Enquirer: 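I am attaching a structure below and will ask some questions about it afterwards.
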Amino acid sequence: MFIFKRVLVVSGILVPKSTALPLRHFSAPSCLRSPKRNSPYSSVDSERYSSLVKSVMSTRVSSQTPETLSAEDEHMYGPVIKAQTPPRTEVRTPKTLHPFLNCEDAGEPEDAESGPPVRIGINRGQGRSSVPSVTRILQQTLSQEQIFYLERWKRRMIAELGEEGFREYSQNLFRQGKRFHSALEEILTSDPSGKDKSVSETAEYPPDIQGYMESVSHILRDVTAVRAIESTVKHETLNYLGVVDCVARYRGVLCVIDWKTSEKAKPFLSNTYDNPIQVAAYAGALNNDGNYKYQVESGLIVVAYKDGSPAHAHQLSPELMLDYWKTWLLRLEEFTEQRSIQASGASSENR
DNA sequence: GGATCCTTCTTCTTCTTC
């Protein structure tokens with residue numbers, strides 16, 4: 001096992017790619033946001049210990065060097081296997097920085113928030129069959145690191161539950177997620193103004209989602225002016241589509257909202273993996289879809305818990321949305337490249 | 001009515017010491 005891990009580390013599979021963006025969100029307690037501030041070293045009299053620090057730093061304590069360590073590793077574990085594709089450590093930028101907002105649609109009609117929420121169904125019957133979805137693009141462009149950890153998790157779960165048990169477990173997670181979404185849809189459609197969210201706290205729900213609904217009830221109190229529910233958005237220039245869970249105001253800010261259920265606590269935005277990219281992709285599509293006459297600059301990821309403990313709400317500022325929009329454009333470029341490679345491979349096979 | 005699509009979820013080193 002140890003040898004295996006060494007090889008992976010050296011080959012770069014475990015080296016994080018630059019998909020993780022800086023942690024900047026509204027819900028992190030300040031004490032957790034800046035752990036360095038509370039470092040025990042901050043109280044150390046640095047002048048008093050400066051000579052000691054200098055002497056330690058200037059003296060080679062060990063006779064080992066990177067070269068001797070490499071030689072030792074090779075002796076113990078065999079020659080180092082290097083990855084064919086080295087990890088990308090540089091900060092990547094999209095080849096074309098498509099705008100997140102559509103300036104032509106910036107004007108917002110006064111009565112935009114008065115009607116019921118829209119729900120545009122998916123329509124693939126009119127030549128849309130080749131338009132890829134946000135979910136598919138994200139799934140097909142996962143990093144090697146993400147694939148590694150997901151497969152490891154799956155292997156461990158199957159070892160614990162068996163193939164059939166794992167299938168049931170996965171189906172159950174999906175079922176709960178779907179029912180949770182349906183219940184929210186019902187609440188928000190029946191009360192889009194947001195005046196009476198108490199319905200969510202008193203109503204009875206199926207036992208498997210009761211906790212999730214309790215978990216999210218304090219968030220729903222801050223959701224108003226629901227404009228869209230489970231509605232299809234399509235980027236007219238970039239040619240991708242998706243289905244937004246909800247477009248509404250959260251604490252007065254118009255957001256694309258994504259509801260999530262989770263077994264593990266996700267108190268930080270960084271715990272939500274690709275969810276912020278998904279939200280930015282939806283918002284960018286909505287902003288460039290003629291069916292929607294307004295622009296959305298912010299996003300919200302709500303993570304609900306089965307035991308009813310308060311859901312975490314990660315609000316993405318316009319600045320952060322732009323960062324994730326760039327990450328999305330990179331993923332989209334990667335997907336398009338993959339597709340063209342596959343297409344050229346298929347055409348050469350047909351010859 | 002059946003088939004297909006979009007979603008629904010899942011990941012983050014590991015051990016020792018205090």
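Keep in mind that this is a model prediction, so the values were computed, not measured. Naming: A, B, ... by sequence-line order, numbering from 1 per chain.
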Enquirer: Before giving the answer on side-chain contact (heavy atoms from CB on, under 4.5 Å), spell out for A:V296 and A:L254 the whole-Å C-alpha distance, their side-chain angles and the decisive distance to 0.1 Å.
Expert: CA-CA 6 Å; A:V296 179; A:L254 191 64; 3.9 Å; yes
Enquirer: Please check if the side chain of A:N288 supplies one atom and the backbone of A:E236 the other of a donor-acceptor pair under 3.5 Å.
Expert: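 Side chain of A:N288 to backbone of A:E236: no pair is present.
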Enquirer: Under 4.0 Å between a side-chain N or O of A:K264 and OP1 or OP2 of B:dT11?
Expert: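 Answer yes for this pair, as a side-chain N or O of A:K264 is under 4.0 Å from OP1 or OP2.
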Enquirer: In terms of side-chain heavy atoms of A:E263, which of B:dT8, B:dT10, B:dT14 is nearest?
Expert: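 Looking only at side-chain atoms, A:E263 lies closest to B:dT10.
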Enquirer: Starting from the 5' end of DNA chain B, give me the residue, A:T272 or A:G242, whose nearest nucleotide shows up first.
Expert: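 Counting from the 5' end, the first nearest nucleotide belongs to A:G242.
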Enquirer: Would you kindly give the CG-to-C1' distance between A:D208 and B:dT8, to the nearest whole Å?
Expert: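 Computing the A:D208:CG to B:dT8:C1' distance gives 13 Å.
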Enquirer: Nearest heavy-atom pair of A:F180 and A:M213: which atoms, and what distance?
Expert: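 Residues A:F180 and A:M213, closest heavy atoms: CD1-SD, 3.6 Å.
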Enquirer: In whole angstrom, give the distance that lies between atom NZ of A:K266 and atom P of B:dC9.
Expert: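 One finds 8 Å between P of B:dC9 and NZ of A:K266, rounded.
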Enquirer: Under 4.0 Å, heavy atoms only, any strand: does A:R152 hit a base, just the sugar-phosphate, or nothing?
Expert: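 Answer is sugar-phosphate: A:R152 comes under 4.0 Å of backbone atoms only.
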Enquirer: For the pair A:S231 (side chain) and A:I120 (backbone), establish whether a donor and an acceptor sit closer than 3.5 Å, ignoring hydrogens and angles.
Expert: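 Yes; at least one donor-acceptor contact below 3.5 Å.
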Enquirer: How would you label the contact of A:D245 with the nucleic acid (heavy atoms, under 4.0 Å): base, sugar-phosphate, or nothing?
Expert: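 Here A:D245 touches the backbone only, sparing every base.
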Enquirer: Which residues, if any, of residues 255-262 of chain A bring a heavy atom under 4.0 Å of DNA chain B?
Expert: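 Under 4.0 Å from DNA chain B: A:D258, A:K260, A:T261, A:S262.
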Enquirer: Would you say CD of A:E163 has more than 12 non-hydrogen atoms from neighbouring residues, nucleotides or ligands within 6.0 angstrom?
Expert: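 Atom CD in A:E163 is not crowded, with 12 or fewer foreign heavy atoms closer than 6.0 Å.
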Enquirer: So does A:T135 get a side-chain nitrogen or oxygen closer than 4.0 Å to the phosphate oxygens (OP1/OP2) of B:dT7?
Expert: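 Yes, because at least one side-chain N or O of A:T135 sits under 4.0 Å from OP1 or OP2 of B:dT7.
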Enquirer: Can you check the A:R119 CZ to B:dT7 P distance for me, whole Å?
Expert: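 Whole-Å distance recorded here is 13 Å.
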Enquirer: Does A:Y240 make a side-chain N or O approach to OP1 or OP2 of B:dC5 shorter than 4.0 Å?
Expert: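 Indeed not, no polar side-chain atom of A:Y240 lies that close.
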Enquirer: With respect to the side chain of A:R156, which nucleotide from B:dT11, B:dC9, B:dT14 is positioned closest?
Expert: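 Closest nucleotide among those given: B:dT14.
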Enquirer: With heavy atoms under 4.0 Å as the rule, sort A:Q176 into base, sugar-phosphate or nothing.
Expert: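 No contact at all - A:Q176 keeps every heavy atom at 4.0 Å or more from the nucleic acid.
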Enquirer: Report which part of the nucleic acid A:Q139 touches: base, sugar-phosphate, or nothing (heavy-atom distance under 4.0 Å, all strands).
Expert: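 Base contact - A:Q139 has a heavy atom under 4.0 Å of at least one base atom.
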Enquirer: Can you check whether A:Q278 has a side-chain N or O nearer than 4.0 Å to OP1 or OP2 of B:dT8?
Expert: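 True: A:Q278 side-chain N/O within range (under 4.0 Å) of B:dT8 OP1/OP2.
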Enquirer: Any donor-acceptor pair under 3.5 Å linking the side chain of A:D289 with the backbone of A:V233?
Expert: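 Side chain of A:D289 to backbone of A:V233, a donor-acceptor pair under 3.5 Å: no, none is there.
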Enquirer: Keeping A:E230 on the side-chain end and A:E185 on the backbone end, is there a donor-acceptor pair under 3.5 Å?
Expert: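 Flag not set: sc A:E230 to bb A:E185 has no pair under 3.5 Å.
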